[in-house]
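Have a look at the structure below, then the notes.
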Amino acid sequence: QVQLVESGGGLVQAGGSLRLSCVVSGRTLSSSTMGWFRQAPGKEREFVARISRSGGFTYYADSVKGRFTISKDNAKNTVYLQMNSLKPEDTAVYYCAADPTGWDSRENKYDYWGQGTQVTVSS
């Protein structure tokens with residue numbers, strides 16, 4: 001079974017930084033596009049960032065561009081989301097997801113999901 005486990009969330013003040021990690025088991029990291037999504041209270045889940053199988057391409061939502069960086073370490077089977085200059089509106093549960101077949105921002109294209117990790121940014 002493919003499993004994705006996120007970690008690294010927590011409470012941080014506005015302007016601070018956090019790094020989220022997603023450890024993937026059951027498949028190699030190079031077999032899928034890996035994405036990060038988030039869901040704030042009362043809102044639908046939204047795309048945050050994705051990285052290609054090779055690691056050579058990344059794409060970000062406009063709301064996080066210039067502040068967040070997605071990366072991965074294939075040897076550790078781990079995807080990261082470095083979050084800098086955090087804002088209260090970044091508060092959400094952050095999810096790691098895998099898309100084995102495409103290159104897409106739509107959540108229904110991702111087949112595997114982690115349980116989520118809470119990020120809370122105080123003002």
Side-chain angles (χ1 to χ4, degrees):
Q1 295 290 327
V2 176
Q3 289 189 325
L4 286 67
V5 180
E6 304 98 330
S7 63
L11 175 64
V12 64
Q13 292 186 349
S17 298
L18 285 173
R19 188 178 73 159
L20 307 183
S21 299
C22 172
V23 178
V24 179
S25 61
R27 73 189 301 118
T28 59
L29 211 59
S30 61
S31 67
S32 299
T33 292
M34 299 300 302
W36 285 97
F37 295 77
R38 67 186 183 186
Q39 187 167 24
K43 297 183 178 180
E44 295 184 352
R45 189 157 55 191
E46 65 176 354
F47 168 80
V48 175
R50 66 180 186 264
I51 188 167
S52 65
R53 296 168 182 83
S54 67
F57 297 92
T58 58
Y59 186 78
Y60 300 91
D62 288 342
S63 59
V64 306
K65 191 176 298 182
R67 300 188 297 121
F68 291 10
T69 302
I70 187 171
S71 62
K72 64 176 182 175
D73 186 336
N74 286 343
K76 296 181 178 179
N77 246 32
T78 302
V79 182
Y80 304 96
L81 185 68
Q82 178 66 45
M83 304 185 295
N84 298 327
S85 301
L86 283 162
K87 305 174 181 179
E89 51 262 45
D90 295 319
T91 295
V93 176
Y94 283 71
Y95 297 91
C96 180
D99 173 8
T101 61
W103 177 246
D104 209 294
S105 297
R106 293 171 291 181
E107 66 178 77
N108 65 345
K109 300 299 184 181
Y110 290 74
D111 292 335
Y112 306 104
W113 294 81
Q115 82 290 347
T117 185
Q118 176 71 49
V119 172
T120 303
V121 184
S122 64
S123 59

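Quick note: residue numbers are just sequence positions, from 1.
Atoms CZ and CG, from Phe37 and Leu81 in turn, are 12.0 Å apart once rounded to the nearest 0.5 Å. Considering CZ of Phe57 and CZ of Arg50, their distance stands at 11.5 Å, rounded to 0.5 Å. Put simply, NZ on Lys109 and OG1 on Thr33 are 12.5 Å apart, with the number rounded to the nearest 0.5 Å. One distance of note links OG of Ser52 with CG of Asp99; it measures 12.0 Å at 0.5 Å rounding.
At least one side-chain heavy atom of Arg27 sits less than 4.5 Å from a side-chain heavy atom of Pro100. For the pair Asn84/Ser17, a side-chain contact is recorded, criterion being any heavy-atom separation below 4.5 Å from C-beta on. Side-chain contact between Trp36 and Met83 is absent, with no heavy-atom pair separated by less than 4.5 Å.
Residues Ala14 and Ser123 approach most closely at CB-CA, 4.5 Å, considering heavy atoms. Nearest approach of Leu11 to Ser122, heavy atoms of both residues: CD1-CB, 4.4 Å. Across all non-hydrogen atoms, the minimal contact from Thr78 to Val23 is OG1-CG2, 3.7 Å.
Other residues, nucleotides and ligands contribute at most 12 non-hydrogen atoms within 6.0 Å of the NZ atom of Lys43. Counting non-hydrogen atoms of other residues, nucleotides and ligands closer than 6.0 Å to CD of Gln3 gives a total of 12 or fewer.
A single hydrophobic cluster is seen to contain both Leu29 and Val48, as judged by linkage of ILVMFWY side chains at heavy-atom distances under 4.5 Å, directly or through other members. One hydrophobic cluster holds both Met34 and Val64 under the rule that ILVMFWY side chains link at heavy-atom gaps under 4.5 Å. Note: the hydrophobic cluster containing Ile70 also contains Val24 (ILVMFWY, side chain heavy atoms under 4.5 Å, direct or indirect links). Hydrophobic clustering keeps Tyr80 apart from Leu20 (ILVMFWY residues linked when any side-chain heavy atoms are closer than 4.5 Å, directly or through intermediates). The same ILVMFWY cluster, assembled from side-chain heavy atoms under 4.5 Å apart, contains both Tyr59 and Tyr110.
Here the side chain of Glu6 pairs no donor or acceptor atom with the backbone of Cys22 at under 3.5 angstrom. Looking only at distances, a side-chain donor or acceptor of Thr91 sits under 3.5 Å from a matching main-chain atom of Val121. Remark: side-chain polar atoms of Lys72 are not paired, donor with acceptor, to backbone N or O of Ser30 under 3.5 angstrom.
Ring geometry, Tyr95 versus Trp113: the interplanar angle exceeds 60°, so the pair is classed perpendicular (tilted spans 30 to 60°).
Arg38 pairs in a side-chain contact (heavy atoms from CB on, under 4.5 Å) with only one of the listed residues (Asp90, Val93, Val119), which is Asp90.
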